[in-house]
Amino acid sequence: MTIREELIREIEQAPDEVLQALLTLLRLTQMRQSNSSVPIHSSEVSNPGSQQHYPLRGLPLVIAEDFDDPMTDLWDALGS
């Protein structure tokens, strides 16, 4: 499957909110390319319904202290 075909398949399954955000981002990208080479920041893309669909957005992310510790037991199990 080509990238184009995979993208089209994902677009067909995406909800309207995602498509609206993608369209806004593409339009902003086109405007930026025609005006200057300043990168687009996520704060410039407005998605008015995002907070009601994603109630955890904006909450702090807490990662456990042992998040990236080696998992020797798992490696041992994979080796056997």
Side-chain angles (χ1 to χ4, degrees):
M1 178 178 293
T2 67
I3 292 174
R4 182 179 299 271
E5 292 169 339
E6 190 173 345
L7 181 60
I8 290 172
R9 183 175 56 87
E10 290 296 325
I11 287 172
E12 288 173 347
Q13 297 174 2
D16 289 342
E17 294 85 10
V18 172
L19 296 177
Q20 183 62 42
L22 180 60
L23 184 59
T24 302
L25 180 63
L26 290 171
R27 287 179 178 160
L28 283 171
T29 302
Q30 288 174 344
M31 287 175 30
R32 290 285 183 167
Q33 287 176 350
S34 64
N35 293 334
S36 67
S37 61
V38 178
I40 296 174
H41 299 287
S42 61
S43 61
E44 296 181 49
V45 180
S46 62
N47 191 356
S50 66
Q51 190 61 32
Q52 65 186 355
H53 293 292
Y54 306 101
L56 300 179
R57 182 171 285 167
L59 294 178
L61 179 63
V62 179
I63 299 175
E65 288 185 29
D66 65 345
F67 176 76
D68 59 351
D69 286 351
M71 298 180 68
T72 54
D73 295 339
L74 179 60
W75 283 111
D76 292 342
L78 290 173
S80 3

* More than 12 heavy atoms from other groups under 6.0 Å of CG on Asp16 -> no
* Asked: Who are the side-chain contact (heavy atoms from CB on, under 4.5 Å) partners of Arg27, not counting sequence neighbours?
  -> Leu23
* Mind checking what makes side-chain contact (heavy atoms from CB on, under 4.5 Å) contact with Glu65, not counting sequence neighbours? -> none
* Gap separating the CD atom of Gln30 from the CG atom of Leu25, nearest 0.5 angstrom -> 10.0 Å
* To do: Report yes or no: do Leu61 and Phe67 belong to one cluster of Ile/Leu/Val/Met/Phe/Trp/Tyr joined by side chain heavy-atom distances under 4.5 Å?
  => yes
* What residues form a side-chain contact (heavy atoms from CB on, under 4.5 Å) with Leu7, not counting sequence neighbours? -> Ile11
* **Other residues, nucleotides, ligands: >12 heavy atoms within 6.0 Å of Ile3 CD1** => no
* From CG (Leu19) to CD (Glu10), nearest 0.5 Å -> 11.0 Å
